[in-house]
**Q** 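Take this structure, written in structure tokens, and hold onto it; I'll ask about it next.
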Amino acid sequence: MVGGNGDQELRSEGGRPDAANASRDIAISFLRLANLDSEIVDRLSRYEASLWRQLVQTLFALQTLKRR
């Protein structure tokens, strides 16, 4: 099946994307990014850490409001 972006999406019998192919595609994309520029991976790591901090702060705020 051809998607809107022109990439071919392999599907299993149940009509779902094949998990092995999806994992392989993610790994290949990550390796391409890593080979392009190491600063990209560093930047993504910083963004991820920032998002985790925001998540923890949000959960803490929700727990505080729940106790009221």
Side-chain angles (χ1 to χ4, degrees):
M1 175 177 187
V2 177
N5 61 2
D7 291 339
Q8 203 172 33
E9 184 177 347
L10 299 176
R11 296 194 176 269
S12 63
E13 291 178 16
R16 295 182 184 162
D18 189 8
N21 287 328
S23 295
R24 183 183 60 85
D25 291 344
I26 291 170
I28 289 171
S29 296
F30 179 81
L31 289 173
R32 285 182 185 160
L33 280 174
N35 288 333
L36 285 177
D37 187 4
S38 65
E39 290 179 13
I40 292 173
V41 177
D42 292 339
R43 191 175 315 135
L44 286 173
S45 178
R46 286 194 308 272
Y47 291 158
E48 180 186 19
S50 175
L51 287 171
W52 275 111
R53 281 191 300 273
Q54 290 176 6
L55 175 66
V56 169
Q57 290 173 351
T58 302
L59 289 174
F60 180 75
L62 288 172
Q63 287 175 352
T64 302
L65 290 172
K66 187 177 178 181
R67 291 181 190 152
R68 288 184 179 186

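Note: hydrogens, waters and symmetry copies are ignored here, and every other heavy atom, side chains too, is used.
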**Q** Atom CZ in Arg43, atom CD in Glu48: separation rounded to 0.5 Å?
**A**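 Here the interatomic distance stands at 15.0 Å.
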**Q** Are the side chain of Ser50 and the backbone N or O of Arg46 linked by a donor-acceptor pair below 3.5 Å?
**A**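 Not confirmed, Ser50 side chain does not pair with Arg46 backbone.
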**Q** Output the distance between atom OG (Ser23) and atom CD1 (Ile28), rounded to the nearest 0.5 Å.
**A**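 It is 11.0 Å, given to the nearest 0.5 Å.
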**Q** Calculate, to the nearest 0.5 Å, the distance between atoms OG1 and CG belonging to Thr64 and Leu59 respectively.
**A**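 Spacing of OG1 (Thr64) from CG (Leu59) equals 10.5 Å.
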**Q** Calculate, to the nearest 0.5 Å, the distance between atoms CD and OG belonging to Glu39 and Ser45 respectively.
**A**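 That separation rounds to 13.5 Å.
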